[in-house]
Amino acid sequence: RMARTACLLAAALLLVCTAPAFSQTYQGRELVDARLIADTTAVVPGKPFTVGLLLRMAPGWHTYWKFPGDAGIPTEIKWNLPSGWKTGDIQWPLPLKLVEPGDIQIYGYDTEVLLLQEITPPPTIGSSTVTLAAEASWLVCERICIPGGAKLQLPLPIAASSTPAHHELFARYRSLVPQSWPANVATQTWSREGENVVLTVKSPALANYAALDFFPLPRGNVVIGHPKTERNGDAISFRIPIESQDKSIAKLDGLVVFGQQENGAGRNAWSVAADAITAAAPASGSLAKFLLFGLIGGFILNLMPCVLPVISLKIFGFVKQAGQSRRRIFSNGVAFVAGIFAWFVGLALLLIVLKSAGREITWAFQFTTPAFVLVMSVIVLVFALNLFGVFEITLAQGASRRVIDFTEREGYLGSFFQGVFATILATPCTAPFLGTALGFAFTQSGIVILAMFIAIAAGMGLPYLLLSAEPGWLRMLPKPGKWMVHMKQGMGFLLLATLVFLLSVLGAQRGVEAVIWSVCFLLAISVACWLRGAFMTPVSSFGTRAVALVIGVVILVSSGIYFIGIKFSQTRLPAAASELADGWQRFTPERLAAEQARGNAVFVDFTAAWCLSCKFNEATVLENSAVRAAFDRFRVVRLKADWTNADPVITRILKQFGRPGVPLYVLYPPGREPLVFPELLTKNMVLEKLESLGKNVATE
């Protein structure tokens, strides 16, 4: 009896303990209080129950719905449950529609929200209690936006039966979850009218409500404007502007929201499903046009500064092949082009998978990850040391062939990896035509995305295929000689220049400390490569090679653990100042809206530290003295939107303009539609647009 009583007391203690609350504070003020709660007092094996993430916000602050609107990030919940447990989709209560300064329309929750999620335990549970763990993340905004997150736990006892818990709270929020479409009460028809998708609902019952609205849930990369409501007797039409380039969108997911007043109590909503029509294929004519853009953009990538070091290596390889058989030259060219195709096709497949999983997909997304940039820095350094002759990669003495020398080898596999490497370095660049083509492709189906990347690969590989197919053209290149050794070493310095660029990207992503510790790690790698080249040669004794190997491994492992695992991982980018150099200011949607509200013209430079095209435009055009004088003369506010770390707010704005990445340049004239510039700027182009601001002022 005493043991039974002790078990009951332990169970009761678990019942009164919800997940520990987590408070997000800012300047001493609590902004969000987060916790997990369940609608049951105990878990019954095999019986589903509901858990809710309860967020309580400070007055004036709000979090976001699953479609945040013009700005914001939806709340996410990632569960860490025992094996055999299953979770359903989040049930989102009906949000509020809030309009912020600058006509920024968002959907979210203020004061409090409970996000519901059904959990199904396995039929058999081998313990008396269970702890449900989840990691929640959110964005809370007022005049500023602050990300928040918490690792939460919810302990619950296991029992043969249970009783309801938190009944009033769960009942209130379940009543706010949108209902299925009532086919016997209302009918819906869709139509496409120019740039608008129109949903017409006929329902006498719905027409009696004073406040009617449509809350959209666009799929994938579909970008929309603000829905408008029109009434005509029992027929209510919701007109939704489509800002994506895809003209085939005929329907949208969303909610038809109705009540007696906007954002008032007693509102209800009906769910509208789009039946997956939003991913319809474009007309063949438009698809062919954009594929041609992709082909041209891929060809122009060869002229971008990102890939010049590796292109030089390939031309150097053509020089070395002079006098060889036509078949061997062509085969090496095909292998190089195959490497280009392999990277682009692999990247396309990865993006298709991410898009299917509901993630935002962008061009050069890998360069927004510091770990990837660090790995690329190591590879570039090793390539450069190889060109300088510090070491050569060979197999053990008994091997019959050498391992691929990625920078020198004339074999097919070496050419293949040269193509892969050239393409990796090409992805930070967005060539003319390429941004338009990719922006179109990312709004389409997976087949169109794959076709677009194949077209880009074909454009980039075409010059090398033609040059290797016509060996007679190689006569225009210099003859092999001693100068090639100096040429090879000179190209090593080109790769070191690429390394400097990559380290500058790391600095922009993680700060100066990250660059310092990265350089320390790269120095250790250089020492290991020197040990490899000096003491691990085929003519070295076994003892010498063994000692050099042990020392090299110790240097690599210890430096990796200390410089990268400890020091680099602890680095963080310091808080950025709003004021930048040369009259530029840091971009935020709120800042843009405030300047527009004051009637100011605004120029926004969407850029990234790893975007060499952006740096070229800034150095040659935007920082030109005549352009800067024009900015000052017409009182243009200059904002810089830094996308180095893939800021999700900036990502959404890029999508609105149909661009997969940077560079993007937009001029917002007062009271007029924004003017979008091409990827490569000229001084006259910018001055012409700025002069138009003066003409408009004069006519007013």
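Numbering of residues begins at 1 and proceeds along the displayed sequence.
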Would you say the side chain of Leu654 lies within less than 4.5 Å of the side chain of Trp643, judging by non-hydrogen atoms?
yes
Compare all side-chain heavy atoms of Phe603 with those of Phe677 and state whether any distance is below 4.5 angstrom.
yes
Checking Arg586 side chain against Leu639 main chain: does a donor-acceptor pair fall under 3.5 Å?
no
Output for pair (Glu679 CD, Asn617 CG), nearest 0.5 Å, gives 9.5 Å
Please report the closest heavy-atom contact between Ser518 and Leu503, naming both atoms and the distance.
CB-CD2, 4.2 Å
With side chains defined as the heavy atoms from C-beta onward, is the minimum distance between Ser541 and Thr544 less than 4.5 Å?
yes
Tell me if the aromatic rings of Tyr665 and Phe606 count as close, with their centers under 6.0 Å from one another.
no
Rounded to the nearest 0.5 Å, what's the gap from CG on Leu374 to CG on Leu506? Could you check?
6.0 Å
Any idea which heavy atoms bring Leu531 and Ile551 closest together, and the distance?
CD1-CG2, 3.7 Å
Does some side-chain heavy atom of Leu664 sit less than 4.5 Å from a side-chain heavy atom of Asp605?
no
Is there side-chain contact between Leu381 and Ser526, with at least one heavy-atom pair below 4.5 Å?
yes
Assert yes or no for the condition that the ring centre distance of Phe493 to Phe388 is strictly below 6.0 Å.
yes
Run the side chain to side chain donor-acceptor pair (under 3.5 Å) test on Thr644 and Asp642 for me, step by step, so that the C-alpha distance in whole Å, both residues' side-chain angles and the decisive distance to 0.1 Å come before the verdict.
CA-CA 6 Å; Thr644 300; Asp642 190 350; 2.5 Å; yes
What is the minimum heavy-atom distance between Ala608 and Lys615, and which atoms define it?
O-CE, 3.8 Å
Give the C-alpha distance, both sets of side-chain angles, the deciding distance and a yes or no for side chain to side chain donor-acceptor pair (under 3.5 Å) between Gln24 and Trp138.
CA-CA 10 Å; Gln24 178 189 4; Trp138 58 83; 2.7 Å; yes
Between Leu152 and Ala34 the two heavy atoms that sit nearest each other are CD2-O, 4.0 Å
Rounded to the nearest 0.5 Å, how far does OG of Ser377 lie from CZ of Phe501?
9.5 Å
Determine whether Val636 and Leu667 satisfy the following criterion, side-chain contact (heavy atoms from CB on, under 4.5 Å), listing intermediate values before the conclusion.
CA-CA 9 Å; Val636 178; Leu667 177 62; 4.3 Å; yes
Report yes if some heavy atom in the side chain of Phe299 is under 4.5 Å from a heavy atom in the side chain of Met460; otherwise report no.
no
So Cys141 and Glu590, do their side chains get closer than 4.5 Å, heavy atoms only?
no
Among Val380, Val378, Val375, which residue satisfies the side-chain contact (heavy atoms from CB on, under 4.5 Å) criterion with Leu502?
Val380
Go through it in stages, so that I can follow the logic: the residues are Lys78 and Asn80, the test is side-chain contact (heavy atoms from CB on, under 4.5 Å), and I'd like the CA-CA distance, side-chain angles, deciding distance and then a yes or no.
CA-CA 7 Å; Lys78 297 180 180 178; Asn80 183 18; over 6 Å; no
If you round to the nearest 0.5 Å, how far is OG1 of Thr75 from CG of Leu139?
8.5 Å
Please give me the minimum heavy-atom distance between Tyr64 and Cys145, naming the atom from each residue.
OH-SG, 4.2 Å
Would you say the side-chain atoms of Arg591 pair up with the backbone N or O of Glu595, donor to acceptor, closer than 3.5 Å?
no
Residues Ile516, Val512; criterion side-chain contact (heavy atoms from CB on, under 4.5 Å); working and verdict:
CA-CA 6 Å; Ile516 294 173; Val512 176; 4.1 Å; yes
Given 3.5 Å as the limit, does a donor-acceptor pair link the side chain of Thr620 with the main chain of Phe616, or not?
yes
Before you tell me yes or no, could you show the steps for Val547 and Phe535 under side-chain contact (heavy atoms from CB on, under 4.5 Å), namely the whole-Å CA-CA distance, both residues' side-chain angles and the distance that decides it to 0.1 Å?
CA-CA 9 Å; Val547 172; Phe535 302 105; over 6 Å; no
Side chains of Glu623 and Arg628: closer than 4.5 Å at any heavy-atom pair?
yes
Parallel, tilted or perpendicular, judged at 30° and 60°: which one describes the rings of Phe563 and Trp517?
parallel
Does NZ or CZ of Arg510 lie under 6.0 Å from the centre of the six-membered ring of Phe568, at an angle within 45° of the ring axis?
yes
Looking only at heavy atoms, what is the nearest atom pair of Ala609 and Val505, with distance?
O-CG2, 3.7 Å
Under 4.0 Å between a Lys/Arg side-chain N and an Asp/Glu carboxylate O for Lys640 and Glu618?
yes
Distance, nearest 0.5 Å, that separates CG of Leu549 from CZ of Arg545:
10.0 Å
Value for CG (Leu295) from CD1 (Ile456), rounded to nearest 0.5 Å, stands at 9.5 Å
